[in-house]
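Before any comments, here is the structure.
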Amino acid sequence: QLAADHDTVGTERQFETTSGRIVYVYGSAYGWKIDQDKEAAQLMQEIQSGTQTTREPVYSMRANAHGINDLGDTYIEVDLTEQYMWYYQNGNIIFQSEIVSGLPGDPDRKTPPGIFTLNSKSSPSVLRGEMTANGTYSYEQPVTYWMPFNGGIGFHDADWQPYFGGDRYLTGGSHGCINLPYSAAKKIYETIDKGYCVLVYNLPGTESDSVKQKEAAAVVNTINSIGTVTLESEPVIVAARTAYDALSDTAKSYVTNYQ
């Protein structure tokens with residue numbers, strides 16, 4: 001019962017983003033979790049010795065704060081849709097930067113959302129892909145700053161990226177990591193430490209204008225492909241209407257041939 005009342009690992013959090021909008025993010029690798037075996041042993045020892053004490057439970061995982069918002073006010077916020085990140089310290093934005101996240105069209109490369117904890121940091125480092133049949137790695141990429149927070153996914157500098165933010169991730173996305181400009185990676189590396197909370201989410205409607213325009217252009221092209229309307233045109237019309245309805249209001253404003 002104690003764990004049920006206090007544990008937050010494996011629960012969904014409501015979070016107010018920098019944009020002011022609310023997102024719900026599941027956290028399987030962050031939060032409070034009571035070590036039930038150690039807590040039971042501690043309670044038994046206190047009962048047997050007749051000790052009366054006020055203490056907190058024995059935790060196997062700890063968060064930044066207690067209460068509904070256990071993220072506290074010091075964390076890294078990553079908006080995968082906007083392709084932007086912010087570092088908050090004591091409730092104030094200390095640093096922010098455009099990013100390039102994983103390739104969204106590839107299930108093996110897209111960056112998963114969630115609440116995580118910075119596992120470590122190292123400089124320099126070499127990022128490696130899967131081991132191939134001939135004993136070599138699918139890729140090996142030296143980086144200067146490496147900060148993993150979700151297994152093999154983390155923050156690092158990426159000087160091979162021609163630009164950051166916008167629609168770069170749609171075609172030049174990473175293998176799941178958060179690519180950063182060198183100066184941004186250096187700043188973060190010098191500022192954060194192991195254990196820092198990292199919040200990653202998708203938030204439709206915060207796309208950059210270039211992404212919205214590209215989404216709108218795809219709908220425009222679908223509509224143009226209809227041509228003369230016939231009975232056979234219905235599937236394409238339905239597809240165009242569905243794609244249009246899925247656009248944000250701003251993206252819809254770029255679709256000039258929808259009637």
Side-chain angles (χ1 to χ4, degrees), residues 13 15-19 23 25 27-31 61-65 69-104 109-129 139-169 172-203 206 208:
R13 316 304 206 286
F15 177 76
E16 182 176 351
T17 67
T18 299
S19 68
V23 294
V25 186
S28 61
Y30 175 85
M61 292 180 64
R62 305 180 68 90
N64 287 341
N69 176 24
D70 63 358
L71 302 177
D73 54 11
T74 297
Y75 53 85
I76 294 178
E77 176 184 346
V78 180
D79 185 339
L80 298 174
T81 310
E82 189 177 353
Q83 290 291 285
Y84 211 83
M85 63 141 290
W86 301 263
Y87 168 52
Y88 280 85
Q89 189 174 76
N90 299 322
N92 299 310
I93 297 177
I94 301 300
F95 186 78
Q96 55 189 299
S97 175
E98 293 180 313
I99 66 168
V100 175
S101 63
L103 193 66
R109 292 178 57 178
K110 66 181 180 180
T111 305
I115 306 174
F116 310 97
T117 301
L118 191 73
N119 298 325
S120 63
K121 61 180 188 177
S122 57
S123 177
S125 187
V126 178
L127 310 182
R128 295 182 172 88
Y139 67 87
E140 291 187 275
Q141 179 62 57
V143 297
T144 303
Y145 303 105
W146 170 231
M147 296 156 278
F149 59 81
N150 179 19
I153 295 175
F155 300 102
H156 64 78
D157 52 297
D159 57 8
W160 57 87
Q161 292 287 6
Y163 65 94
F164 296 84
D167 60 359
R168 173 58 185 165
Y169 77 116
S174 70
H175 288 82
C177 286
I178 304 299
N179 287 183
L180 295 165
Y182 180 90
S183 59
K186 182 176 186 293
K187 176 69 173 180
I188 296 172
Y189 186 89
E190 293 174 345
T191 305
I192 67 175
D193 290 303
K194 178 181 177 180
Y196 271 51
C197 176
V198 179
L199 178 80
V200 184
Y201 60 82
N202 293 289
L203 185 57
T206 60
S208 67

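Just so you know, residue 1 is the first one in the sequence shown, and it goes up from there.
When side chains are defined from C-beta on, T17 does not count as touching D79, because their heavy atoms never get closer than 4.5 Å. Taking 4.5 Å as the limit, some side-chain heavy atom of F155 sits within range of a side-chain heavy atom of V198. Within the 4.5 Å cutoff, side-chain heavy atoms of L80 are placed close to those of I178. Annotation: side chain of N179 is not in contact with side chain of Y169 (no heavy-atom distance under 4.5 Å). Between I76 and M85 there is a side-chain heavy-atom pair separated by less than 4.5 Å. Side-chain contact between F164 and S97 is absent, with no heavy atoms from C-beta onward closer than 4.5 Å. Side-chain contact between Y30 and D70 is present, with heavy atoms from C-beta onward closer than 4.5 Å.
Looking only at distances, no side-chain donor or acceptor of T117 sits under 3.5 Å from a matching main-chain atom of G195. In terms of modelled atom types and a separation under 3.5 Å, the side chain of Y145 and the main chain of I188 share no donor-acceptor contact. Judged purely by atom type and a 3.5 angstrom limit, S125 has no side-chain atom pairing as donor or acceptor with the backbone of V143. With E77 contributing its side chain and T18 its backbone, the two residues share a donor-acceptor pair below 3.5 Å. Between the side chain of S174 and the backbone N or O of C177 there is at least one donor-acceptor pair closer than 3.5 Å. Checked by atom type and distance alone, the side chain of D157 never pairs as donor or acceptor with a backbone atom of A185 at under 3.5 Å.
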- Task: Would you please test Y75 and Y88 for ring pair (Phe, Tyr, Trp, His ring centres under 6.0 Å) and show each step?
- Result: CA-CA 5 Å; Y75 53 85; Y88 280 85; 5.1 Å; yes
- Query: Run the side-chain contact (heavy atoms from CB on, under 4.5 Å) check on L118 and M147 step by step: do they pass?
  - Reply: CA-CA 7 Å; L118 191 73; M147 296 156 278; 3.7 Å; yes
- Item | Worked verdict on F95 versus Y87 for ring pair (Phe, Tyr, Trp, His ring centres under 6.0 Å) | CA-CA 5 Å; F95 186 78; Y87 168 52; 8.2 Å; no
- Task: Would you please test W146 and V126 for side-chain contact (heavy atoms from CB on, under 4.5 Å) and show each step?
- Result: CA-CA 8 Å; W146 170 231; V126 178; over 6 Å; no
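Between the OG1 atom in T111 and the CG atom in N202 there is a gap of 9.0 Å [rounded to 0.5 Å]. Between the CD atom of Q141 and the NE2 atom of H175 there is a distance of 10.0 Å, given to the nearest 0.5 Å. Between the CG atom of N90 and the OG1 atom of T74 there is a distance of 4.5 Å, given to the nearest 0.5 Å. Note that CG of N92 is 8.5 Å distant from CG of D73, once rounded to the nearest 0.5 Å.
The two residues I115 and R13 come nearest to each other via the heavy atoms CD1-CG, 3.3 Å. Closest approach of L103 and G172 over heavy atoms only: CD1-N, 4.3 Å. Closest approach of V25 and V200 over heavy atoms only: CG1-O, 3.8 Å. Taking both residues in full, the closest heavy atoms of Q89 and I94 are given as CB-CG1, 3.4 Å, listed atom of the first, atom of the second, then distance.
With F116 as reference, F149 is the one residue of F149, Y201, Y196 to meet the ring-ring contact (aromatic ring centres under 6.0 Å, His included) rule. The only option from R168, K110, Q83 that meets the side-chain hydrogen bond (donor to acceptor under 3.5 Å, both in side chains) definition with S101 turns out to be Q83.
By the neighbour-count criterion of 12 heavy atoms within 6.0 Å, atom NZ of K121 is densely surrounded, having more than that number from other residues, nucleotides or ligands.
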